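Down below is the structure, laid out as structure tokens.
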Protein chains: 2
Amino acid sequence: MQKEIEVFKDSLKKANQKITHQRLKILQSFLNTEKHVSCDELYQMVRRQNPEIGYATVYRTLKLIQGAGLAREVDLGDKISRLEHEYGHKHHDHLICLECGKFLEVFDPEIEELQERLAKKQNFTPVRHKMDIFGYCQKCQEKERDGHK
Amino acid sequence: MQKEIEVFKDSLKKANQKITHQRLKILQSFLNTEKHVSCDELYQMVRRQNPEIGYATVYRTLKLIQGAGLAREVDLGDKISRLEHEYGHKHHDHLICLECGKFLEVFDPEIEELQERLAKKQNFTPVRHKMDIFGYCQKCQEKERDGHK
DNA sequence: TCTGAAATTGAAAATCATTTTCAATTATAC
DNA sequence: GTATAATTGAAAATGATTTTCAATTTCAGA
Ligand SMILES: [Zn+2]
Ligand SMILES: [Zn+2]
Ligand SMILES: [Zn+2]
Ligand SMILES: [Zn+2]
């Protein structure tokens with residue numbers, strides 16, 4: 001966490017941006033949750049500790065946190081932009097349940113390798129990717145089965 | 001194309017929805033382009049032939065077209081929802097250029113196979129997936145190189 | 001073919017996430 | 001310390017999408 005804060009400060013300095021009380025509080029709130037928070041959820045969290053911090057500042061700071069490489073957007077199929085920790089977290093993809101909305105984080109080195117090769121074959125230089133598999137989780141399948149008994 | 005229209009009509013009937021002039025015109029406009037259209041772009045296309053059709057109707061009909069399995073959303077990294085033909089079109093994934101926004105459609109059966117296996121391993125039943133690889137296309141890489149000479 | 005209930009329409013207003021504006025405040029290089 | 005350039009919060013603006021609602025249309029059944 002101390003490390004992330006340093007990364008954030010360095011990123012700000014590089015861009016000639018200021019290290020403010022608000023920005024640090026918002027970063028802290030973000031680091032304090034392991035959930036995939038939406039901007040609004042994070043605002044609510046920040047507000048509990050620091051009611052004086054405004055909505056716009058949270059939005060603006062989230063962009064900075066992303067810019068510093070500390071967060072990445074995840075798309076759970078709804079239209080809301082959610083963020084997960086990026087720094088110190090290994091890359092992963094998602095299995096997302098169409099019924100209950102829950103998701104699993106997964107990683108398959110073979111797939112990653114093939115993705116790399118697939119891109120290269122097209123003379124394309126990959127930087128990042130998103131792989132989201134939508135379907136039904138075990139629980140929701142069981143519920144479905146039981147419902148039809 | 002006739003086939004798609006039948007699929008659409010069947011889907012409407014099943015849901016107790018009506019087959020209207022507007023819906024058919026909008027579907028036709030959608031089928032007439034191979035581009036990945038945004039809702040707004042499609043509205044503009046529809047409007048050329050049928051200026052009396054409203055914005056909301058296009059939006060509503062696009063949901064129905066998706067519901068009928070004739071279109072799927074593609075995410076090119078901007079926040080706009082775009083649609084591509086689904087019916088009679090093989091599944092594919094995208095390589096999307098971060099510089100120029102152009103994209104390639106790609107398909108790798110090995111990856112598809114591994115995705116399936118990955119999901120199963122988690123007792124997850126996959127229905128569909130999205131795999132988007134972001135990076136730099138050949139042209140943009142060349143431009144970059146030339147710029148630094 | 002006619003009728004009526006239910007679905008659909010277009011236009012405008014509403015919504016919702018996100019972004020911008022702007023005057024007041026704050027961080028930081030000197 | 002002080003100047004100045006960046007940042008802030010609140011409110012307004014934006015832009016995509018959705019809803020509202022009175023008028024119109026579809027279509028199943030008579
Ligand atoms: Zn991956
Ligand atoms: Zn589930
Ligand atoms: Zn695929
Ligand atoms: Zn490019």
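Proteins get letters first, then strands, A, B, ... in listed order; numbering begins at 1 in each. Please read all numbers here as calculations on a predicted model, not as lab measurements. In what follows, every heavy atom counts, from backbone to side chain, and hydrogens, waters and symmetry copies are set aside.
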Does any residue of residues 27-54 of chain A have a heavy atom under 4.0 Å from DNA chain C, and if so, which ones, in number order?
-> A:Cys39

Show me the side-chain donor-acceptor pairs of residues 45-54 of chain B shorter than 3.5 Å, one per line, residues at least two apart or across chains.
from, atom 1, to, atom 2, distance (Å)
B:Arg47, NH2, B:Gln44, OE1, 3.3

Residue pairs involving residues 7-29 of chain B (criterion ring pair (Phe, Tyr, Trp, His ring centres under 6.0 Å); sequence neighbours excluded) |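 Non-adjacent pairs meeting ring pair (Phe, Tyr, Trp, His ring centres under 6.0 Å): zero.
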
Indicate for each nucleotide in nucleotides 18-23 of chain D, in 5' to 3' sequence, whether protein heavy atoms under 4.0 Å reach the base (B), only the sugar-phosphate (S), or nothing (-).
-> BBB---

Between the side chains of [X] and [Y], is a donor N or O closer than 3.5 angstrom to an acceptor N or O?
{"X": "B:Glu105", "Y": "B:His89", "answer": "no"}
{"X": "B:His36", "Y": "B:Glu73", "answer": "no"}
{"X": "B:His91", "Y": "B:Glu112", "answer": "yes"}

Could you give the [atom1]-to-[atom2] distance, from [X] to [N], as a whole number of Å?
{"X": "B:Asn16", "N": "D:dT25", "atom1": "CG", "atom2": "P", "answer": "21 Å"}
{"X": "A:Leu24", "N": "D:dT8", "atom1": "CG", "atom2": "P", "answer": "10 Å"}
{"X": "A:Ile80", "N": "C:dT15", "atom1": "CD1", "atom2": "C1'", "answer": "13 Å"}
{"X": "B:Leu12", "N": "D:dT26", "atom1": "CG", "atom2": "C1'", "answer": "12 Å"}
{"X": "B:Leu62", "N": "D:dT17", "atom1": "CG", "atom2": "C1'", "answer": "12 Å"}

Identify which one of B:Ile26, B:Leu27, B:Thr20 satisfies the side-chain contact (heavy atoms from CB on, under 4.5 Å) criterion when paired with B:Arg23.
-> B:Thr20

Where A:Ala68 and A:Val7 come nearest, the two heavy atoms and their spacing =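 A:Ala68 and A:Val7 have their closest heavy atoms at O-CG1, 3.6 Å.
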
Are the aromatic ring centres of B:Phe30 and B:His85 under 6.0 angstrom apart?
->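 Yes; B:His85 has its ring centre under 6.0 Å from that of B:Phe30.
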
Please confirm whether B:His92 and B:Phe107 have ring centers closer than 6.0 angstrom.
-> no

Donor-acceptor under 3.5 Å (B:Glu41 side chain, B:Ser38 main chain) =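 Yes; judged by distance alone, with no hydrogens or angles, the pair exists.
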
Cluster membership besides B:Ile133, Ile/Leu/Val/Met/Phe/Trp/Tyr side chains within less than 4.5 angstrom, sorted by chain and number, is A:Leu95, A:Leu104, A:Val106, A:Ile111, A:Leu114, A:Leu118, A:Phe124, A:Met131, A:Ile133, B:Leu95, B:Leu104, B:Val106, B:Ile111, B:Leu114, B:Leu118, B:Phe124, B:Met131

Table of protein N/O atoms under 3.5 Å from nucleotides 26-30 of chain C N/O atoms:
from, atom 1, to, atom 2, distance (Å)
C:dA27, N3, A:Lys18, NZ, 3.2
C:dT28, OP1, A:Ile19, N, 3.2

